[in-house]
Amino acid sequence: MQPSLFSTQQWTVTRLTHYIRDLLETDVTLQDVWVSGEISNLSRPASGHIYFTLKDSSASLRCIMWKTGAARLRLTLKDGMAVEVHGKIGVYDAGGQYQLYADQIRPTGEGVLYQEFMRLKAMLEAEGLFDPERKRAIPERSRLIGIITSSTGAALRDMLSAIRRRNPLVRVLLAPAPVQGDEAPPKIVAALESLNRRKPDVILLARGGGSIEDLWAFNDERVVRAVANSSAPVISGVGHETDFTLCDFAADLRAPTPTAAAELATQITIDDLRAELDDYQTRLFSSTLNLVAVQRTFLSAVSARLRFVSPERRIQSDIQHLDDLSRRTSTSIVYRLQLQVKHIEGTQQRLDALNPLAVLRRGYAVVTRKDDGRVVSHVSQAADEMRVRVSDGEFEVRKKT
Amino acid sequence: MAKSSSPKPVEDLTYEQALAELEAIVSALEGEQDQLEESIKLFERGQALVERCGELLEAAQLKVRQVAGDSIIPFDEESS
């Protein structure tokens, strides 16, 4: 066909390029694509962006990765490296080229691992291994913490220092196991079994960060099943915040890092224990002082009754009963009350020997109600007017309303 | 309830044991109690338990051991 000299539409290069760009950039497939190939012409200028060409046996594709994406890259790119690149296709107007704007690059083969991960995850999920109802609570107050990790890794040091810092009263039992490589899964399973025989309160299964291959032992079906079947609750702390392994799903609790796992296993810290002990000590003193006050009140009541039933008074009022009264003295309430008062006085002295004042000198104060003299050890017992006893005297206070 | 008949010397108690006994004593003292003499005994025992727990907290040092086959051996952090 003969081209018309007077076409109805005249295109500029820019307009045509924009038209092509729109075609490519509105195509859903091209905007979210994984491409595998070999890296060549790799260049990394001072701008920080990465430029390379992705090739296979019969085609090539220009690729660019912006500085922000390049900074997040976990592998070092080299010419000749087989990779899978994710990104979107766009057009570079000035060069008249379409190219792949890459946002993720992974070694070839990781995609296969990912497929395997998803397959295993779906299978174990269907079996109910990851059900929330299976998750057990982590004890707040663990006494024996089991740890499974490499005995030489930073993860172990991090966990031990976190536990030491938070609660050194805890005992740690380590079952060392390699955390990567072919021998890792059976060794981790064996470590779980041998720790469970020692009945720890909780088990930490951890390793530091690494590539998906490095962490692969924690996606091994044998390991995942052993974690799900552990008698002691398991906290997983594998890799970094962003890494998820199947062990994380099977564990009773997932921690983002080994250190976080150690922290979750020591929810009650030594500071909490100190505060708890202080509280018990305060209650020990206040309850005992309260008992003393009650006994004191009882004592004065008994003294009053004693005066009321005094023999003198009886003799004065009815001298005729004198003989009878004398005979009954040994068994009378008078006699028994006297005995009891003596007893109370004796224990009172012992109590004084304990000297609650010594406590007061340490800065404690005893608050009593002005009306009945009872010790105030609970807010509910506070009265409008109260006395505060400190080491060298006492003063009155009025409750603020 | 912690009976004062023949209590273990506090030095022989672990932190957990001492704390459990202290807890029982405080509950008893806070409950209905009119035997003053018994209360004083409990108070004295409670004081000793508080001291024992305090000592253990101050002296606490993380104990790390490791499983080796069927036995448990000390774990040397320095050499790891």
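Chain letters run A, B, ... following the sequence lines, proteins first, then strands; residues in each count from 1. Every value quoted in this text rests on a predicted model; they were computed, and no experiment measured them.
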Point-to-point distance, once rounded to the nearest 0.5 Å, from [atom1] of [X] to [atom2] of [Y]:
X        : Y        : atom1 : atom2 : value
A:Leu277 : B:Leu19  : CG    : CG    : 7.0 Å
A:Thr288 : B:Ile40  : OG1   : CD1   : 6.5 Å
B:Leu62  : A:Thr266 : CG    : OG1   : 10.0 Å
B:Phe75  : A:Ile147 : CZ    : CD1   : 9.0 Å
B:Leu57  : A:Leu169 : CG    : CG    : 5.5 Å

Toward chain B, the part of A:Leu160 with a non-hydrogen atom under 4.5 Å: both
Side chain / backbone / both / neither for A:Phe298 at chain B, heavy atoms under 4.5 Å: neither
Selection from B:Gln66, B:Gln61, B:Glu58 maximising heavy-atom pairs under 4.5 Å formed with chain A: B:Gln66
Non-hydrogen side-chain atoms of A:Leu174 and B:Arg65 separated by less than 4.5 Å: no
With A:Arg283, the side-chain contact (heavy atoms from CB on, under 4.5 Å) member among B:Leu22, B:Val26, B:Ile25: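 It is B:Val26; the other options fail the test.
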For [X] and [Y], work out which heavy atoms get closest and say how close.
X        : Y        : value
B:Gly46  : A:Leu284 : C-CD2, 3.4 Å
A:Arg198 : B:Gly69  : NH2-O, 4.3 Å
A:Ile270 : B:Ala60  : CD1-CB, 4.3 Å

Within residues 47-54 of chain B, residues adjacent to chain A where the heavy-atom gap is under 4.5 Å: B:Gln47, B:Val50, B:Cys53, B:Gly54
Residues, nucleotides or ligands: over 12 heavy atoms within 6.0 Å of B:Asp12 CG: yes
Salt bridge (charged side-chain N to carboxylate O under 4.0 Å, His left out) pairs, two or more places apart, involving residues 160-172 of chain A: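 Output for this query lists A:Arg164-B:Glu77, A:Arg165-A:Glu263.
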